[in-house]
Structures are given as C-alpha cells and as structure tokens.
Undergrad: 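A single structure is presented below for examination.
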Amino acid sequence: MTLISFLIVTGIIALISWWKTRDDDLSTSKGYFLAGRGLSGAVIGCSMVLTSLSTEQIIGLNAESYKGNFSIIAWTVQSVIPLCVLAKVLLPKYIKEGYTTIPEFFENRYDRATRLIMSTLFLFFYLFIAIPVALYTGAIAFNKVFNLEIVFGLTYAQSMWITIWTIGIVGGIYAIFGGLKAVAVSDTLNAIILIIGGLLVPIFGLKFLGNGNVLNGISIVTTQNIEKFSAIGGPKDAVPWTAIFTGILIVNFFYWTTNQAIVQRTLGAKDLKSGQKGILLASIFLLLLPIMLNLPGLIAYHIVGEGLKPIDIAYPELVNKVLPLPLIGFFIAALFGAVLSTFNSFLNSAATIFCNDLLPIISKKERSDKELIIFAKKISTVMALFTMVVAPFLMYGTEGIFLFTRRFAGFFNIPIVALFVVGILNRTVSGKAARITVILHILLYYSLVWIFKVKVNFVHVMGALFVFDVIVMLILGIFFKRSTPYNESKENKSNVDLADWKYVDLVIMIVISGLFYLYALLSPIGLASKSGKPLLVTGIFLIVEIIMVVYFLRNYRRKKENL
C-alpha cells in the first residue's frame, strides 16, 4: 500500500507537470533559464519555499528539536526579514537591470574577475553542499520508510547509494529537459502535497501521543517538558539567542536575497507585482514552518524518548510509527517532491551560472541560443552525476546534517553577502579589494573553525567575519578604487512593469510583526513556561494586526482620493 500510493501521487504530479509545460518554448535562453519571464506570484512563492524546504530541513531541523529546543527555528523563520528586503528593495533593482544571474551584479559593480570568483563560490556551494545534502537526506527518509536494507538484503551503504542515484536520475530529468518552467510548475504541485503531508505528521503524532485523542496529545506536549518549546536558546543550545543577530541573519540574507537558486524564480516574474506577491507569500509560509519542521521533533521526543542515534532518524521514526500505511506512501511522495525540488532547482541554477557567467570567460566561442541550451543540458548532466557521487559520503559525518552543512557553507555565503552589501552601499571600492577580501575570509574562517577550533559558536564566527570582511574591503578600497564611481543604470533593461504591488508595505508590516509574535509565543512569556500566557500574547498580536490593517487602508484611501 505504501509503495502503490507513493507511485500514484508521484506519477500524477509528473504527468501534470509535463502537460502544463509541453508547449513551452525552450529554444531560447530566456525561455530555458527564466521561464520566459512569465511566472505568476503563486508559482514563484510555492517554488521558492519548496526549493528551500528539502529533506535536509525536514529531517535536520526536527532532529535538532528532538535533541534540544526550538531555538533552531532561527534558521528558517528569521528569513522573512531578508525576504521583505528582497521584495521591497532588491527585486526592483534585479529586474530593472535585466539580470539572469546574481553574479552579473558583481561584474557590473566590480569587474569580470570578481564575477568569475563569485560564480565559482556559488558552484562550489551547490555542487559540494546544497545538492549532495538534498540527495543524502532524501535517501535517509526513503531507506527508513521503505526498509530497503531488510526488503532487499542490502547493507546501509548499498541502500544509500542506490536510493541517491534513483532520486538523482529522476530529478535530473526535470531540470535538464524541462528548464526553469518545468521545475517551477512541479514545485507548485509538490508544495501543495508537502503542506498536506507535513501537517498530517504532527496531527497523527498528537493523536498517537494522546491515545487516539489529538486534544490529549496537545495537553501532553504543552504541559510536559515545556522548556523544549523555547526558541530563546542558551549557550549550549543549537542556536544561542545572540546568534540570531549575528551570523544567522547574514546567512539568511545570502540564502534569500543573493542565492541564485532562490532568486532565479523572482527574476522569471512576469512583472514586479508578481515577484513581490510570490516573495511575500513565501515569507508568510515560512512563519508557519515550525508546525512542520520543529513540532514533530518534539512529539518524537515524547513518543520515542531520548537517546536516538543518529538524531537524524527521529523524524522518519515518528512517520513510521504514527502514519497509516497508505498515508506513509502519500507522505513519502511529498518528501520525494521536496527532494526533487531542491535537487533540480539547484541543478538548474548551477547550469545557469556556468553557462551565463563562466562559459563566456572559459570559451570565446560564440553560441546561438540553441547551442547554449544543448551545452546547458550536457553540463547539467555532468553536475548531476558528480553530486550523485559526492552525496553518499555524507553518511560518514558525525553530527546532525543541518548544522554540519551550515558550518561548511560559511566558506561561501559570508563573503558573498559582504561583497554584495559593500557593492550596494559604496560606489568606489574596486574588484581587486573585493577579491583580496574573499581570499582572506576563506583562510581565516578555515583557521578559526578547523585549525584553532575556537570555543565560540561557529555562527558568531560568521558574524564577526562578516564585519571583518566589510571593514577590510573599505580599507582596501582606499588604496584600490574604481577608475570611475559605480552608478546604477536608469534604463529598464528587462522591459518588465516595475510598478509596486499596492499592498506590499502592508504585508511586510504584518509579516515582521508575525515574526515578533512567534518568538514571544515560543518563549517564557508564552508556551515555554508554566507561568506563560500564550493566549494573552496571541490576543495582543491580533489587536496590533487589526490596528495596522485599519491604519494602512485609511492612508491608502486618502492617497487615492488625493490623486
């Protein structure tokens, strides 16, 4: 039953995705890499969320919540801040300049050599971290649910290799042959399935915990070990509360405002309004993610007890224990969609960066759109095979996969954000100053975290190095200046409507206040203490939201009347 329901759901999604994109024009680079700049807000929002929501997140974050408390939510919910900045400030700039890739900004602002280095950093991040981790964590879930080792008499390593290669081959078909449009459409469908499947796990988990009664389950998790609800982490927790304001915020800015795999969806928007709607839809969804990414880990702690090793099996253990067999197949299809989404999205973006940023530098040959797309499919195939070889070796890691990958990502994401911030706020720092800073960052980060093993949370190291990178760039910029100050183009190079969505400011205010509410709810004044008042916190939040909406609508009506 599990296998049949899995195949049915997966087959339906594949069929609909093919049907929706069968007549799309993939003969031009804009059609293949940017979906012809025709994506709607709903498609952009669903695709952004599902690209980020891989099994690395689902398994890794629940594992950390099983082991500790809810402090790990800082890696997800705090992302609404950079998303709001992307919607209001950065997306208009990106679309106006007609960018296909983020590294194009680094050439415009600095020089071609800097664009080459940034493109290389992006590719290292995708090929050694993002894509292999998506494959590996997906394989963990499939192996645990389908018991491949027992059914086929395989060793753990053999089952992981087989599963990883199966996922890689299927995901590669979407990315290589369908382009961004096929990826985005399948993401939208898979997002719907994942939301349903993701909500089923805590519902059935609470029902199991409450001996058939969900309300009893809720009563247990809200009255026993309630300190695990706290999102305000201490020094020994996965995320100390101080880290919220240092490295995590910077990493989230990298991931949501400069990461090609995420931003590429917004660059394919049919107009600025659609892009803003999609971004803010994604931000609202992120605020609800603790229900899927943290609550199941807490429920697993109550049901299974502490002591699971590795902790990454906590979520698959819960799924196997609480979901009926037909629903396990449905859920694993949802997980499969999340794996495919992350895999094919990052693969498509890696190929986009290689073809648009690196290829013109490596080869001087002039290629038509048709030749470029053929080459993109070939390089995508090579990249897919490479990541399918790398992914199985992650099974030999010793710590939780989520924090393991975040630690390594510090080589790439911090200098990218530093160069981006200086590039936006300063007009004279040169490409040479930027390149020297990147090299210094990589050497210093490696030395502090791996050689000297400083007794400071690596997130704080990231935050400190971001400040270091910015200061070094500004100092070097005194000696290495651009020949002429950088000025943004006033021309709309994409010919896309750049008018703001009329509710963009209102939704941004609601989203930011929602973030404050969530942290208040998951704190000693809310659910994480017997003396907390979660209903009072919720009531205050709702009153503030109503006041904001009324104020905004009145102002909007007055402005409209004055026009």
Side-chain angles (χ1 to χ4, degrees), residues 82 85-86 89-90 93-94 96-97 99-126 246-247 249-260 263 353-354 356-362 408-452 454 458-490:
V85 174
L86 175 63
V89 180
L90 298 179
K93 296 179 183 291
Y94 291 158
K96 181 181 177 182
E97 292 289 345
Y99 292 146
T100 300
T101 69
I102 295 302
E104 290 179 44
F105 164 79
F106 293 107
E107 179 172 359
N108 279 357
R109 171 55 186 84
Y110 297 107
D111 53 31
R112 174 159 284 218
T114 305
R115 176 180 179 178
L116 174 61
I117 290 178
M118 292 296 102
S119 302
T120 303
L121 288 180
F122 272 116
L123 287 179
F124 265 92
F125 173 68
Y126 294 159
T246 56
L249 184 60
I250 299 163
V251 171
N252 283 337
F253 262 96
F254 157 76
Y255 193 87
W256 292 99
T257 66
T258 65
N259 179 8
Q260 177 69 24
V263 177
I353 286 177
F354 189 91
N356 287 275
D357 298 319
L358 295 181
L359 187 60
I361 298 173
I362 296 171
F408 273 94
F411 282 112
F412 318 112
N413 47 31
I414 302 302
I416 288 174
V417 177
L419 265 66
F420 190 83
V421 169
V422 172
I424 291 287
L425 301 179
N426 178 280
R427 298 194 304 145
T428 59
V429 172
S430 69
K432 188 172 184 180
R435 294 191 297 276
I436 293 173
T437 301
V438 171
I439 295 171
L440 288 175
H441 171 91
I442 293 173
L443 294 174
L444 193 54
Y445 184 72
Y446 177 74
S447 300
L448 290 172
V449 177
W450 272 275
I451 296 179
F452 298 110
V454 293
F458 75 95
V459 177
H460 290 313
V461 176
M462 288 180 173
L465 283 183
F466 171 76
V467 176
F468 170 82
D469 292 348
V470 171
I471 292 174
V472 168
M473 280 188 68
L474 294 176
I475 292 174
L476 291 174
I478 297 173
F479 305 99
F480 305 114
K481 292 185 177 182
R482 286 174 54 105
S483 55
T484 57
Y486 169 72
N487 289 301
E488 289 185 7
S489 171
K490 296 182 179 180

Undergrad: Say you draw a straight line from CG of Leu121 to CG of Leu116; how long is it, rounded to the nearest 0.5 Å?
TA: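 Spacing of CG (Leu121) from CG (Leu116) equals 9.5 Å.
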Undergrad: Would you say that Ile478 contacts Leu474 through its side chain, given a criterion of any heavy-atom pair below 4.5 Å between the two side chains?
TA: no
Undergrad: Return yes when atom NZ of Lys96 has more than 12 non-hydrogen atoms of other residues, nucleotides or ligands closer than 6.0 Å, and no otherwise.
TA: yes
Undergrad: Walk me through it: do Phe420 and Leu90 pass the test side-chain contact (heavy atoms from CB on, under 4.5 Å)?
TA: CA-CA 11 Å; Phe420 190 83; Leu90 298 179; 3.9 Å; yes
Undergrad: So, applying ring pair (Phe, Tyr, Trp, His ring centres under 6.0 Å) with Phe411, which one of Phe122, Phe125, Trp450, Phe254 is it?
TA: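 Result for ring pair (Phe, Tyr, Trp, His ring centres under 6.0 Å) with Phe411: Trp450.
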Undergrad: Got a donor-acceptor contact below 3.5 angstrom from the His441 side chain to the Gly410 backbone?
TA: yes
Undergrad: If we ignore hydrogens and angles and just use 3.5 Å, is the side chain of Tyr110 paired with the main-chain N or O of Gly423 as donor and acceptor?
TA: yes
Undergrad: Can you name the nearest heavy-atom pair linking Ser119 to Ile353, along with the distance?
TA: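 In terms of heavy atoms, the two residues are closest at CB-CG2, 3.8 Å.
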Undergrad: Can you name the one residue among Val461, Asn413, Ile471, Val417 that meets side-chain contact (heavy atoms from CB on, under 4.5 Å) with Phe466?
TA: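 For Phe466, the side-chain contact (heavy atoms from CB on, under 4.5 Å) test succeeds with only one of Val461, Asn413, Ile471, Val417, which is Val417.
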Undergrad: Is there a side-chain contact between Phe105 and Ile424, using heavy atoms and a 4.5 Å cut-off?
TA: yes
Undergrad: For residues Gln260 and Tyr126, determine if any side-chain heavy atom of one lies less than 4.5 Å from a side-chain heavy atom of the other.
TA: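 Heavy-atom side-chain distance check passes, below 4.5 Å.
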Undergrad: Quick one, Phe253 and Val421 - any side-chain contact, counting heavy atoms below 4.5 Å?
TA: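 The answer is no; the side chains never approach within 4.5 Å.
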Undergrad: Considering non-hydrogen atoms only, spot the tightest contact between Thr114 and Ala434 and give its length.
TA: CG2-CB, 4.3 Å
Undergrad: Using a 4.5 Å cut-off on heavy atoms from C-beta on, say whether the side chain of Met118 contacts that of Val438.
TA: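 Answer yes - side chains close enough.
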Undergrad: If we ignore angles and hydrogens, is there a donor and acceptor under 3.5 Å between the side chains of Arg482 and Thr428?
TA: no
Undergrad: Please step through side-chain contact (heavy atoms from CB on, under 4.5 Å) for the pair Leu123 and Phe354, ending with a clear verdict.
TA: CA-CA 8 Å; Leu123 287 179; Phe354 189 91; 4.0 Å; yes
Undergrad: Working to the nearest 0.5 Å, report the span between CG of Leu444 and OG1 of Thr437.
TA: 11.5 Å
Undergrad: Starting at CG of Leu249, measure out to CE of Met462 and round the result to the nearest 0.5 Å.
TA: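 Reported to 0.5 Å precision, the distance equals 13.0 Å.
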Undergrad: Please determine whether side-chain contact (heavy atoms from CB on, under 4.5 Å) holds for the pair Val429 and Arg109, giving the CA-CA distance in whole Å, both sets of side-chain angles, and the decisive distance to 0.1 Å.
TA: CA-CA 9 Å; Val429 172; Arg109 171 55 186 84; 3.8 Å; yes
Undergrad: Please give me the minimum heavy-atom distance between Gly463 and Ile250, naming the atom from each residue.
TA: CA-CD1, 3.8 Å
Undergrad: Take Tyr445 and Ile414 through the side-chain contact (heavy atoms from CB on, under 4.5 Å) test and state the conclusion after the steps.
TA: CA-CA 10 Å; Tyr445 184 72; Ile414 302 302; over 6 Å; no
Undergrad: Let's go through Asn356 and Thr101 carefully: what are the C-alpha distance in whole Å and the side-chain angles of both, what is the deciding distance for side chain to side chain donor-acceptor pair (under 3.5 Å) to 0.1 Å, and is it a yes or a no?
TA: CA-CA 7 Å; Asn356 287 275; Thr101 69; over 6 Å; no
Undergrad: What are the two closest non-hydrogen atoms of Pro103 and Arg115, and how far apart are they?
TA: O-CG, 3.2 Å
Undergrad: Within a strict 4.5 Å, meaning less than it, do heavy atoms of the Glu97 and Glu104 side chains meet?
TA: no
Undergrad: I need the Asn252 CG to Asn259 CG distance, nearest 0.5 Å.
TA: 11.5 Å
Undergrad: What is the distance from atom OG of Ser447 to atom CD1 of Ile442, rounded to the nearest 0.5 Å?
TA: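 That separation rounds to 11.5 Å.
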Undergrad: What are the two closest heavy atoms between Val470 and Ala418, and how far apart are they?
TA: CG2-CB, 4.2 Å
Undergrad: If we only count heavy atoms from C-beta on, is the Glu107 to Asp357 side-chain gap below 4.5 Å?
TA: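 A side-chain contact under 4.5 Å is absent here.
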Undergrad: Is there a side-chain contact between Glu488 and Tyr486 in this structure, where contact means two heavy atoms from C-beta onward sitting under 4.5 Å apart?
TA: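 The answer is yes, as the side chains (C-beta and beyond) meet within the 4.5 Å cut-off.
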Undergrad: With rounding to the nearest 0.5 angstrom, report the CZ to CG distance, Phe106 to Leu419.
TA: 6.0 Å
